[in-house]
Amino acid sequence: MPIRFVCHHCGQKLTVGRRRGGSKADCPRCHQTIRVPDDPTPGAATMTASVIVMEGQAQAIEQPAPYDPALAIGGDEDFAIEPADFGFEIGVEDSGLSNAISSEARPHDTGLSDPGLGHSITASQIDTHPHVPQHDNPDLITLPRRVLYVQAGLLAAVAIVCFTLGALMGSAFLRGTDVAQAGPCKISGVVNVAEGKTTQPEEGAAVFILPEDSRNIDEQVPVDGLRPSDAAPAENHRGLLILQQMGGGYARTDKDGNYSITVPRPGKYYVLVISRSKTLKGTDLSGKKEQIARYFESVNKLLEKQLYHFTGETLVDGRKVDVSFE
């Protein structure tokens, strides 16, 4: 009667001749060293049901049918895997007999040997049970590749959503800041002139606020009535209306040299101040007339021979721009 038992590593059902009882061999499936049970009691036709623990579940192996010598190769001395359940057989070399394993489950051959028994086993296409763990390290977790792909896709989607929300919130914040600053912007200052070692406020100086962006200039400003030598212009002066349309402003200093101009919004402007009492000495070599000429019909007629101050300024509400002529 052959010895039937189960590999305690992987749960493979095995059959071996009585001569091999109590010996050691390598399991043809998991390649772990196993011990063949001792020769069973004569007359026993079945083996005790064994329990295999796979993935946390206990599964009972059904008791096989009585041993059929036709299932083994070469009689009592053969070592075989139960063919009814696994579809392959295994032989153990003994006394010059050649033994082989054949299967239809895996496409590779596996060589097994045990010097202590003096036999070798050759396996072909041994199946790997889907529930048998492929590693013994409890710290490792095996996941299907598609799960990793799904997780990577989710992380990328979350990153894109966060970036989009951040961009939208940032642009909304910037728009809110612009709206908060947009609106009328009041500019003021004092114009003084130096007389020897003393400084006095200048009355009647002409102050222009001109937008740096000249895209809104549809028409140049006429200069008559806006020069320091002219009488103060009326509110409906054509030159004042054009200045307002382009987003600029105009004012004359009072007796204390103060002026105040309101422009539609903060931003970059040119500030032009023309002195009433101070004249230019020599030739104007500043090169600023070309920039001023973009806004006025006749820059020479506007400036005449008077000393002037022309600078670019970033203006916000409440900004003060003081000018001193020497």
Side-chain angles (χ1 to χ4, degrees), residues 183-195 199-317 319-326:
C185 180
K186 185 176 181 180
I187 312 302
S188 61
V190 179
V191 178
N192 295 313
V193 292
E195 296 291 348
T199 300
Q200 298 179 354
E202 180 167 48
E203 181 181 2
V207 182
F208 298 85
I209 303 293
L210 307 171
E212 187 174 308
D213 187 357
S214 59
R215 289 177 297 180
N216 294 330
I217 301 177
D218 298 327
E219 185 179 3
Q220 289 184 312
V221 179
V223 300
D224 291 334
L226 301 180
R227 296 168 296 184
S229 59
D230 297 330
E235 293 182 357
N236 59 351
H237 188 280
R238 180 167 169 266
L240 296 181
L241 296 178
I242 295 175
L243 280 172
Q244 292 174 1
Q245 289 175 358
M246 70 173 60
Y250 172 84
R252 292 280 187 90
T253 57
D254 58 18
K255 63 179 181 177
D256 296 321
N258 297 317
Y259 72 90
S260 177
I261 300 174
T262 301
V263 292
R265 62 186 61 83
K268 294 183 177 181
Y269 293 85
Y270 291 115
V271 177
L272 172 63
V273 182
I274 305 174
S275 174
R276 182 177 182 180
S277 60
K278 287 286 185 178
T279 58
L280 182 66
K281 297 178 181 180
T283 304
D284 183 9
L285 301 177
S286 65
K288 297 179 180 179
K289 281 188 175 182
E290 294 182 359
Q291 291 178 290
I292 300 173
R294 293 188 303 166
Y295 301 92
F296 299 95
E297 291 180 351
S298 176
V299 63
N300 291 328
K301 189 176 181 180
L302 173 68
L303 298 177
E304 298 177 321
K305 293 294 183 178
Q306 300 305 115
L307 194 62
Y308 67 91
H309 173 89
F310 183 77
T311 58
E313 303 285 349
T314 300
L315 303 180
V316 295
D317 188 32
R319 172 75 186 276
K320 295 195 66 174
V321 180
D322 297 332
V323 176
S324 181
F325 291 108
E326 296 181 356

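One-based numbering along the sequence shown. Since we're looking at a predicted model, the values are computed, not measured.
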- Item | Reported CD-to-CD1 distance for the pair E297 and I242, which is rounded to 0.5 angstrom | 7.0 Å
- Enter the distance from L210:CG to I217:CD1 here, rounded to the nearest 0.5 Å. 7.5 Å
- Spatial distance of atom CG (D230) from atom NE2 (H237) [nearest 0.5 Å]: 7.5 Å
- So, S277 and E202: side-chain donor and acceptor under 3.5 Å apart, yes or no? yes
- Query: Tell me, which pairs form a salt bridge (Lys or Arg N to Asp or Glu O under 4.0 Å) where one or both residues lie in residues 243-261, sequence neighbours left out?
  - Reply: none
- Query: Donor-acceptor pair, Y250 side chain versus P233 backbone, under 3.5 Å?
  - Reply: no
- Message: Measuring from atom CG of L243 to atom CZ of F208, what distance do you get when rounded to the nearest 0.5 angstrom?
- Response: 7.0 Å
- Query: How far apart are the closest heavy atoms of C185 and P266, and which atoms are they?
  - Reply: CB-N, 3.9 Å
- Item | Closest contact, heavy atoms only, V221 versus M246 | CG2-CE, 3.9 Å
- Query: Do the non-hydrogen side-chain atoms of V273 and V271 ever get within less than 4.5 Å of each other?
  - Reply: yes
- For A194, does its backbone N or O pair with a side-chain atom of K278 as donor and acceptor, under 3.5 Å? yes
- Which atom names give the shortest non-hydrogen contact between G257 and P201, and what distance separates them? N-CB, 3.7 Å
Would you give me the side-chain donor-acceptor pairs under 3.5 Å for residues 319-326, sequence neighbours excluded?
from	atom 1	to	atom 2	distance (Å)
R319	NH1	T314	O	2.7
R319	NH2	E313	OE1	2.9
D322	OD1	V190	N	2.8

- Message: On a heavy-atom basis, which atom in G312 and which in Y270 lie closest, and how many Å separate them?
- Response: CA-CD2, 3.8 Å
- Note on the structure: Output for pair (L280 CG, I274 CD1), nearest 0.5 Å, gives 12.0 Å
- Return the minimal non-hydrogen interatomic distance between Y269 and G247, and the atom names on each side. CE2-O, 3.5 Å
- Would you indicate whether the side-chain heavy atoms of I187 and T262 approach each other to under 4.5 Å? no
- Donor-acceptor contact present, side-chain S260 to main-chain S188, <3.5 Å: no
- Donor-acceptor contact below 3.5 Å, side chain Q244 vs main chain V263: no
- Message: So does I261 get a backbone contact from the side chain of K186, meaning a donor-acceptor N/O pair under 3.5 Å?
- Response: no
- Item | Value rounded to 0.5 Å, distance of CG in N258 from CD in E203 | 11.0 Å
- Message: What I want to check is whether the side chains of S286 and D284 have a donor and an acceptor closer together than 3.5 Å.
- Response: yes
- Find out whether Y295 and L272 are in side-chain contact, i.e. whether some heavy atom of one side chain is under 4.5 Å from a heavy atom of the other. no
- Out of R276, K301, Q306, which residue meets the side-chain contact (heavy atoms from CB on, under 4.5 Å) rule with R227? K301
